[in-house]
Amino acid sequence: MKDYAHFLKIFGVVVISQLTVVFTINLLVDPDKIYRIINIEYFNQEKSLIEKQGMRKVKSLDIEQGNYEILLLGTSRVQNGLNPRSQVFGSKKTYNAGLPLAGIYELHQIIDFARTRKNSSLKTVILGLDFFSFNKKNYWW
């Protein structure tokens, strides 16, 4: 009976230590770009799964945490076609909040969210729309 108890104690310690290692690595790598504990260039800049799974969550966190003067907003054409680091914007802090398949109602909600934040310095919204923004499938009401 003592052998089983000893085995279970060792097994429990090994499992908990392994789970702790996995949790710590996941926290540092931050595949969903939520915790943002470390920010090392070329380590956690490009997150390919965010494009497919959590783009809206990440962009809402970026809008909430950043204090942007110019917001680029629209569908995937804006996301892929407008560069927030372009010389056109000068030294103004610009963020590309373009989202794939964004409807007009969702874009309106994003503008309200960005505008009503505390200490918001949002002065300009560049809105890029196409015909798909007005599609019935994109309305949320």
Side-chain angles (χ1 to χ4, degrees), residues 2-141:
K2 288 184 178 184
D3 290 338
Y4 291 122
H6 183 67
F7 171 76
L8 287 176
K9 286 179 185 176
I10 292 174
F11 182 74
V13 167
V14 168
V15 167
I16 289 174
S17 65
Q18 299 263 330
L19 288 174
T20 303
V21 167
V22 168
F23 174 76
T24 305
I25 290 173
N26 193 27
L27 189 65
L28 294 177
V29 171
D30 194 13
D32 291 330
K33 200 176 177 184
I34 295 174
Y35 307 112
R36 303 173 189 212
I37 293 174
I38 59 173
N39 190 11
I40 301 171
E41 192 174 2
Y42 302 115
F43 175 69
N44 58 355
Q45 296 300 104
E46 295 292 328
K47 309 285 184 179
S48 59
L49 287 179
I50 290 175
E51 296 281 334
K52 297 176 183 171
Q53 297 174 349
M55 180 67 69
R56 283 162 167 77
K57 179 174 33 174
V58 169
K59 290 207 174 187
S60 66
L61 287 171
D62 285 342
I63 291 171
E64 183 179 18
Q65 293 173 357
N67 201 8
Y68 301 104
E69 297 177 62
I70 300 174
L71 190 65
L72 306 176
L73 195 57
T75 60
S76 60
R77 295 171 196 248
V78 171
Q79 177 185 355
N80 298 326
L82 296 179
N83 184 4
R85 291 184 222 106
S86 175
Q87 294 175 354
V88 173
F89 304 117
S91 63
K92 294 183 180 176
K93 198 169 179 188
T94 307
Y95 183 70
N96 189 338
L99 294 169
L101 297 173
I104 193 73
Y105 180 73
E106 182 179 14
L107 297 175
H108 178 262
Q109 294 297 320
I110 293 169
I111 292 171
D112 279 347
F113 175 71
R115 190 174 48 90
T116 58
R117 282 185 330 98
K118 285 184 176 179
N119 302 325
S120 176
S121 65
L122 185 65
K123 294 180 179 36
T124 307
V125 174
I126 297 176
L127 189 60
L129 299 175
D130 55 19
F131 290 116
F132 297 111
S133 299
F134 300 97
N135 193 352
K136 281 187 177 180
K137 293 180 182 177
N138 287 336
Y139 288 126
W140 284 14
W141 64 87

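The residues of the chain are indexed from 1 along the displayed sequence.
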Going by the rule side-chain contact (heavy atoms from CB on, under 4.5 Å), which residues pair with Val15 if we only count those two or more places apart in sequence or in a different chain?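 side-chain contact (heavy atoms from CB on, under 4.5 Å) check on Val15 returns Phe11, Leu19.
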Who passes side-chain contact (heavy atoms from CB on, under 4.5 Å) against Thr20, sequence neighbours left out?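 Partners of Thr20 by the side-chain contact (heavy atoms from CB on, under 4.5 Å) criterion, ordered by chain and then number, come out as Ile16, Thr24.
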Donor-acceptor pair, side chain of [X] and main chain of [Y], under 3.5 angstrom:
X: Arg115; Y: Ser121; result: no
X: Lys59; Y: Asn96; result: yes
X: Ser17; Y: Val14; result: yes
X: Asn26; Y: Val22; result: no
X: Ser120; Y: Ala114; result: yes
X: Thr94; Y: Lys92; result: yes

Nearest 0.5 Å, please: how far is CD1 in Ile111 from CG in Leu127?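 Taking CG in Leu127 and CD1 in Ile111, the distance rounds to 5.5 Å.
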Roughly how far, to the nearest 0.5 Å, is the CD1 atom of Ile63 from the OH atom of Tyr95?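 Atom-to-atom, Tyr95:OH and Ile63:CD1 are 6.0 Å apart.
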Where do Asp112 and Thr116 come nearest, in terms of heavy atoms and distance?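 Closest approach of Asp112 to Thr116: O-OG1, 2.6 Å.
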Nearest non-hydrogen partners of Leu107 and Ala102, listed with the distance: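 Smallest heavy-atom distance, with atoms named: CD2-CB, 3.7 Å.
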Please assess Glu69 against Leu122 for the test side chain to side chain contact (heavy atoms under 4.5 Å, CB included), listing each intermediate value before the final yes or no. CA-CA 4 Å; Glu69 297 177 62; Leu122 185 65; over 6 Å; no
Applying side chain to side chain contact (heavy atoms under 4.5 Å, CB included), run through Lys123 and Ile70 and close with a yes or a no. CA-CA 6 Å; Lys123 294 180 179 36; Ile70 300 174; over 6 Å; no
